[in-house]
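Below: one structure, written as structure tokens.
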Protein chains: 2
Amino acid sequence: MAKPTLMDVAAAAGVSYATADRVLNRRGGVAEKSVLRVLAAIEQLGYTRDVTAANLARGRSYNYAFLIPAQAGAFFGEMRAAVKAEAKARASQRINITIEEVPAFNSDGLAEVLESCIDRDLSGICLVAIDSPRVRKAIQALRAKDVFVLTLVADTQSNSRDAYIGLDNLAAGRTAGRVLSLASRDGGVVLPIAGSLDAADHALRFKGFKQAIAFDVTVLPVIESFDRPENVAEAVRNTLEAHPNLTGIYSIGSGQNGLFIALSEVQKSATYQRPVVVLHDLVGSVRTALTIGLVDAVIDQKPDQQIARALDAMKALSDGETLPADFGTIVPSLYFQDNMPPAPADGPEQGPSL
Amino acid sequence: MAKPTLMDVAAAAGVSYATADRVLNRRGGVAEKSVLRVLAAIEQLGYTRDVTAANLARGRSYNYAFLIPAQAGAFFGEMRAAVKAEAKARASQRINITIEEVPAFNSDGLAEVLESCIDRDLSGICLVAIDSPRVRKAIQALRAKDVFVLTLVADTQSNSRDAYIGLDNLAAGRTAGRVLSLASRDGGVVLPIAGSLDAADHALRFKGFKQAIAFDVTVLPVIESFDRPENVAEAVRNTLEAHPNLTGIYSIGSGQNGLFIALSEVQKSATYQRPVVVLHDLVGSVRTALTIGLVDAVIDQKPDQQIARALDAMKALSDGETLPADFGTIVPSLYFQDNMPPAPADGPEQGPSL
DNA sequence: CATTTTTTGATATACGTCTATCATTTTGAG
DNA sequence: CTCAAAATGATAGACGTATATCAAAAAATG
């Protein structure tokens with residue numbers, strides 16, 4: 001028996017197609033007993049609406065926009081590539097995706113783009129949030145127009161968006177702490193390096209890190225790089241000087257160049273045993289560092305999976321479903337040289353398919 | 001401008017809808033120059049076929065079957081739940097999925113079910129392979145009828161199926177080796193426990209393990225449990241007796257009960273420092289063990305992701321696409337207490353949606 | 001040029017649903 | 001019982017594509 005159609009349901013319920021349709025689409029004006037009979041028939045036949053046919057009839061397509069920060073490191077580059085890949089994959093399913101470049105670290109720039117989206121007939125928008133009154137206001141304006149707003153990677157206030165898709169930073173920090181604790185079994189000394197502890201994500205990671213670190217491991221005062229590679233290289237050099245027995249380094253943020261420089265010096269000099277190094281985000285340069293053994297473990301937030309998840313979330317919201325509570329939580333992945341996933345390939349253009 | 005339709009393409013190419021259709025669907029009998037004009041129009045307008053409308057018109061739906069071993073431990077239970085979840089999620093997209101129970105470890109039983117599938121009008125089938133002549137023959141018969149056959153978790157000969165979706169066992173073993181090496185920095189002694197090294201997956205994991213283990217770490221002779229918990233408990237006890245300084249245990253296979261028993265004895269006695277324990281598959285009991293700190297790290301093969309991947313693969317094959325080379329390779333995930341993903345919830349039944 | 005062959009156009013029906021309209025039946029109130 | 005209100009039925013057009021048929025036009029053949 002083929003999949004039942006609404007016609008079958010109507011027949012089974014002993015009503016006309018029109019009535020079955022009125023029930024299914026809650027158009028009202030149907031007697032209670034008829035409603036029940038239709039619902040019973042739906043239940044009994046296991047009817048599910050063919051959403052593809054429904055969308056076709058409604059002339060409905062899903063328009064989503066991603067606002068991705070421009071040129072802010074390799075991470076967002078991968079993110080952009082992932083969006084493009086998903087856009088292509090879903091194009092044949094009436095899902096249209098556009099990417100808007102947004103100036104990095106600039107809340108007014110972000111707000112401006114958001115404001116320009118208001119009359120673009122979008123059903124959802126996905127942004128890397130920077131909190132500011134103007135941004136919040138723009139988001140509210142969009143949501144008032146029934147545009148779903150998701151935050152990605154970085155969140156705003158939780159009541160001002162529909163969902164947040166992003167890394168569980170506390171778990172990420174704990175994982176780092178666990179690895180360095182394992183690697184410093186009988187006590188040890190570890191150095192945390194952050195971009196800035198004022199950034200919410202870095203602070204959370206650091207908090208988790210301290211939670212998970214073993215009691216007999218000494219955590220040195222955290223170094224804040226403020227995105228200046230020289231600072232990091234210098235600080236790592238000094239620390240190694242002062243603590244030749246350093247067992248671990250946790251680089252909490254991005255911008256790893258300074259760290260790489262200092263580490264390769266250590267590797268060459270061979271005066272010290274290299275500490276175990278844990279850092280974040282498996283982008284190109286980090287991938288290389290892991291491959292050649294300059295660092296040991298990488299905590300990744302799987303940008304491609306985040307994009308896919310964000311799209312699934314927006315589609316679900318558009319279809320009137322509600323999201324499970326922890327839908328947006330991305331569990332940190334831990335990669336060694338040994339279980340690195342293959343690098344994302346920007347596949348060649350495909351011709352029109354059959 | 002809305003998404004272009006084939007009508008738009010025909011108009012742009014200056015031909016009729018019928019001709020554009022003939023080109024798109026390779027029906028033949030079209031002059032070379034017309035073909036070129038249509039293709040140019042497709043290119044220029046960025047036309048992509050609306051597959052949902054196409055499937056609707058074709059009356060096409062995708063019928064897939066999953067053959068999952070019955071009652072063979074919690075792992076396949078999770079797998080079955082994942083299939084059910086995906087089945088529900090894709091029901092509205094003309095994808096029908098059935099689950100067939102297959103007797104565990106029984107190649108004839110598997111073959112029988114396979115043979116019964118031959119005239120069921122399936123477009124794809126997914127099984128946990130057990131190699132035997134009869135199974136191979138059944139698979140060939142299916143493929144001869146244009147049914148795509150994927151293997152899951154366990155493979156057959158690579159030329160006898162369309163794709164294999166499964167864990168990269170070598171990488172999994174290497175990852176375990178890496179963790180135990182990290183945890184045994186200045187030398188150490190580690191104990192590998194396998195179900196049976198005759199099983200291809202266990203052998204591969206063990207091979208990877210040895211590859212990644214540090215040179216100054218001693219690997220004790222591997223214990224083979226042959227799925228008897230008592231053996232494992234006994235062997236672990238003896239090993240701890242003989243090597244009070246044991247730094248790590250790698251449990252290569254499933255059936256962890258014996259290990260858990262021995263470990264909880266150690267935990268209580270407090271005579272030894274508990275070795276670092278790495279094992280496989282984050283099923284219920286393992287999850288508990290990880291939570292209470294009985295074990296340290298779990299390598300997971302993400303059954304839910306495997307199911308999703310398998311479905312994507314079958315759908316892609318059905319649509320005439322070719323799969324990327326490493327499509328089926330599942331990268332092992334490493335979980336600590338700290339980054340455990342939430343347990344899969346068997347969500348409550350949802351009423352008919354809007 | 002006449003004839004056959006190839007190519008093209010026009011058009012109809014179908015897929016499962018949405019939306020709308022109009023006619024008809026049933027129900028409830030007075 | 002009468003009349004309005006509520007409920008139901010019947011049906012048509014649309015969405016974008018697939019598939020088929022038949023006639024008309026263009027090209028190739030002799």
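Treat the numbers as computed from the prediction; the structure is a model and nothing was measured. So that the names make sense, note that chain A is the first sequence line, chain B the second, and so on, each numbered from 1.
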Note: A:D119-A:K145 ion pair, threshold 4.0 Å (strictly below): no

In terms of side-chain geometry, is the basic nitrogen of B:R90 or B:D312 positioned less than 4.0 Å from the acidic oxygen of its partner? yes

Tell me the interatomic distance from A:D50, atom CG, to D:dT17, atom C1', rounded to whole angstroms. 14 Å

Quickly work out the B:M7 CE to D:dT17 P distance and round it to whole Å. 10 Å

Got more than 12 heavy atoms from elsewhere within 6.0 Å of NZ, B:K315? yes

If I take atom CZ in residue B:R58 and atom C1' in nucleotide D:dT17, what distance separates them, rounded to the nearest angstrom? 8 Å

Kindly determine whether B:N55 and B:Q93 satisfy side-chain contact (heavy atoms from CB on, under 4.5 Å), including the steps that lead there. CA-CA 10 Å; B:N55 286 340; B:Q93 287 151 61; over 6 Å; no

For the helix from C:dC1-D:dG30 to C:dG30-D:dC1, measure the angle between the helix axis at one end and the axis at the other, each built from five pairs, rounding to 10°. 30°

Provide, to the nearest angstrom, the distance between the OH atom belonging to A:Y47 and the C1' atom belonging to C:dG16. 8 Å

Just compare C:dG16, D:dC15, D:dT19 and give me whichever is closest to any side-chain atom of A:R94. D:dC15

Atom-pair distance (CG on B:L45; C1' on D:dG16), nearest Å: 15 Å

Does this structure show an ion pair linking B:E78 with B:K302, if we count only N-O contacts that are shorter than 4.0 Å? no

Without hydrogens or angle criteria, can the side chains of A:Y64 and A:S318 be said to hold a donor-acceptor pair below 3.5 Å? yes

So, is B:R27 close to the D:dT19 phosphate, meaning a side-chain N or O under 4.0 Å from OP1 or OP2? yes

Please list, pair by pair, any protein nitrogen or oxygen found under 3.5 Å from a nitrogen or oxygen in nucleotides 8-10 of chain D.
residue : atom : partner : partner atom : Å
D:dT8   : OP1  : A:S34   : OG           : 2.1
D:dT8   : OP2  : A:A31   : N            : 2.7
D:dG9   : OP2  : A:S16   : N            : 2.7
D:dG9   : OP2  : A:S16   : OG           : 3.1
D:dG9   : OP2  : A:T19   : OG1          : 2.9
D:dG9   : N7   : A:R22   : NH2          : 2.8

Taking the basic N atoms (NZ, or NE/NH1/NH2) and the acidic carboxylate oxygens, is any pair closer than 4.0 Å for A:D8 and A:K3? no

Rounded distance in Å - CG (A:L56) to C1' (C:dT19): 14 Å

Please list all pairs meeting salt bridge (charged side-chain N to carboxylate O under 4.0 Å, His left out) that have one or both residues in residues 135-144 of chain B, counting only residues at least two apart or in different chains. B:D131-B:R136, B:R143-B:D162

Nearest whole angstrom, please: distance from the P of C:dC15 to the NZ of A:K3. 15 Å

Rounded distance (Å) that lies between atom C1' of C:dG16 and atom CG of A:N25: 12 Å

Sidechain N-carboxylate O distance under 4.0 Å for B:E100, B:R120: yes

Heavy atoms under 4.0 Å, any strand shown: does A:N55 hit a base, just sugar-phosphate, or nothing? nothing

